[in-house]
Amino acid sequence: MLAKSLFLFGCLPFFVLGALHTIYTIADIRVPKKLVPHDPEVAAMMKSSALALTKETDMWRAWVGFNISHGVGLLFYASAYAYLAIFHFQVLSGSTVLLIGAPLIALIYLTLSKKYWFRIPVLGSLVGLLCLSFGVVATVLANAP
């Protein structure tokens, strides 16, 4: 089915981006070289500066935690929609909330990518958004009387 394939292809960039983000962040704990400041002094300052919110952690540990949770969130988003597309497409196609949610979340990631990140997440989010949007259109058309 075309709609199911479009949903799966739409999930793929988010899954890959989430996996890479998580893997890079965990690898950076021991050998920082991917998702770290270019200037090593900035990382040192992050490690020596507590958050204004609490002194229980520093900016570096918060940075690592935010990056891992961001990657895991992307993995969950992509995995959940892929699972629904493969095993419970009737649930997905019958739910307005789930249908609208897939491209809406992709649009949010695209917006964040353009404003705060860089080209690779922009391209991945754009591909995912287009596939998921066309998947919704194909689902609606397939269910039309």
Side-chain angles (χ1 to χ4, degrees), residues 1-40 42-43 45-47 49 51-54 56-145:
M1 175 186 272
L2 176 63
K4 186 184 283 194
S5 296
L6 286 166
F7 271 97
L8 291 173
F9 282 120
C11 291
L12 187 59
F14 294 107
F15 187 88
V16 170
L17 289 169
L20 288 174
H21 202 85
T22 304
I23 291 165
Y24 287 167
T25 304
I26 292 170
D28 280 347
I29 293 170
R30 295 213 173 181
V31 183
K33 61 181 178 180
K34 296 279 188 193
L35 297 174
V36 296
H38 191 271
D39 182 347
V42 174
M45 289 173 52
M46 290 172 73
K47 291 176 183 177
S49 179
L51 293 177
L53 178 66
T54 179
E56 293 179 30
T57 192
D58 57 53
M59 284 303 299
W60 179 256
R61 288 175 51 216
W63 168 259
V64 170
F66 295 150
N67 276 292
I68 292 172
S69 66
H70 171 69
V72 170
L74 275 171
L75 285 169
F76 180 77
Y77 164 63
S79 297
Y81 271 98
Y83 175 81
L84 287 171
I86 294 168
F87 299 109
H88 298 287
F89 194 73
Q90 283 186 321
V91 172
L92 175 58
S93 64
S95 170
T96 303
V97 170
L98 291 173
L99 283 176
I100 292 171
L104 179 62
I105 292 169
L107 178 61
I108 291 168
Y109 276 114
L110 176 60
T111 303
L112 291 170
S113 296
K114 287 178 79 167
K115 183 158 177 70
Y116 298 108
W117 303 330
F118 52 99
R119 184 172 37 114
I120 292 171
V122 169
L123 294 174
S125 297
L126 180 60
V127 169
L129 172 61
L130 291 172
C131 290
L132 292 168
S133 297
F134 287 126
V136 169
V137 170
T139 300
V140 169
L141 292 175
N143 291 336

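Quantities reported herein were computed from a predicted structural model and do not represent experimental measurements.
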Hey, could you give me the CH2/OG1 distance between W63 and T57, rounded to the nearest 0.5 Å? 14.0 Å
Which residues pass the side chain to side chain contact (heavy atoms under 4.5 Å, CB included) test with Y24, not counting sequence neighbours? L20, K34, L35
In Å, rounded to the nearest 0.5 Å, how long is the span from CG of D58 to CG of L51? 7.5 Å
Between SG of C131 and CG of L8, what distance do you get to the nearest 0.5 Å? 10.0 Å
Determine all donor-acceptor pairs shorter than 3.5 Å in which one atom belongs to a side chain in residues 135-145; sequence neighbours excluded.
{"unit_1": "T139", "atom_1": "OG1", "unit_2": "G135", "atom_2": "O", "d": "2.7"}
{"unit_1": "N143", "atom_1": "ND2", "unit_2": "T139", "atom_2": "O", "d": "3.3"}

What side-chain donor-acceptor pairs closer than 3.5 Å can you find for residues 87-106, not counting sequence neighbours?
{"unit_1": "H88", "atom_1": "NE2", "unit_2": "Y83", "atom_2": "OH", "d": "3.2"}
{"unit_1": "S93", "atom_1": "OG", "unit_2": "F89", "atom_2": "O", "d": "2.9"}
{"unit_1": "S93", "atom_1": "OG", "unit_2": "Q90", "atom_2": "O", "d": "3.3"}
{"unit_1": "S95", "atom_1": "OG", "unit_2": "L98", "atom_2": "N", "d": "3.1"}

Straight-line distance of F66 CZ to M59 CE, nearest 0.5 Å: 6.5 Å
From I26 CD1 over to I68 CD1, what is the distance, rounded to the nearest 0.5 angstrom? 4.5 Å
Any chance you could measure L107, atom CG, to S133, atom OG, to the nearest 0.5 Å? 8.0 Å
Between the side chain of S49 and the main-chain N/O of M46, is any donor-acceptor distance below 3.5 Å? no
Tell me, please, which residues at least two apart from L126 pass side chain to side chain contact (heavy atoms under 4.5 Å, CB included). L110, L130
Looking only at heavy atoms, which two atoms of E56 and R61 are closest? And how far apart? O-NH1, 3.5 Å
For V127 versus P13, what's the shortest heavy-atom pair and its separation? CG1-CG, 4.0 Å
Taking the side chain as every heavy atom from C-beta outward, state whether T25 and I29 have any pair of such atoms under 4.5 Å apart. no
Would V122 and W117 count as a side chain to side chain contact (heavy atoms under 4.5 Å, CB included) here? Give the steps. CA-CA 8 Å; V122 169; W117 303 330; over 6 Å; no
List for me each residue that meets side-chain hydrogen bond (donor to acceptor under 3.5 Å, both in side chains) alongside D28, sequence neighbours excluded, and say none if there are none. none
Note, F15 side chain near L74 side chain (heavy atom, < 4.5 Å): no
Would one find more than 12 heavy atoms of other residues, nucleotides or ligands at under 6.0 Å from atom NZ of K114? no
Could you check if a side-chain atom of L12 sits within less than 4.5 angstrom of a side-chain atom of V16, using non-hydrogen atoms only? yes
Sequence neighbours excluded, which residues qualify as side chain to side chain contact (heavy atoms under 4.5 Å, CB included) partners of I120? L17, F118
Ring-plane angle category for Y109 and F14, please: parallel below 30°, perpendicular beyond 60°, tilted otherwise. tilted
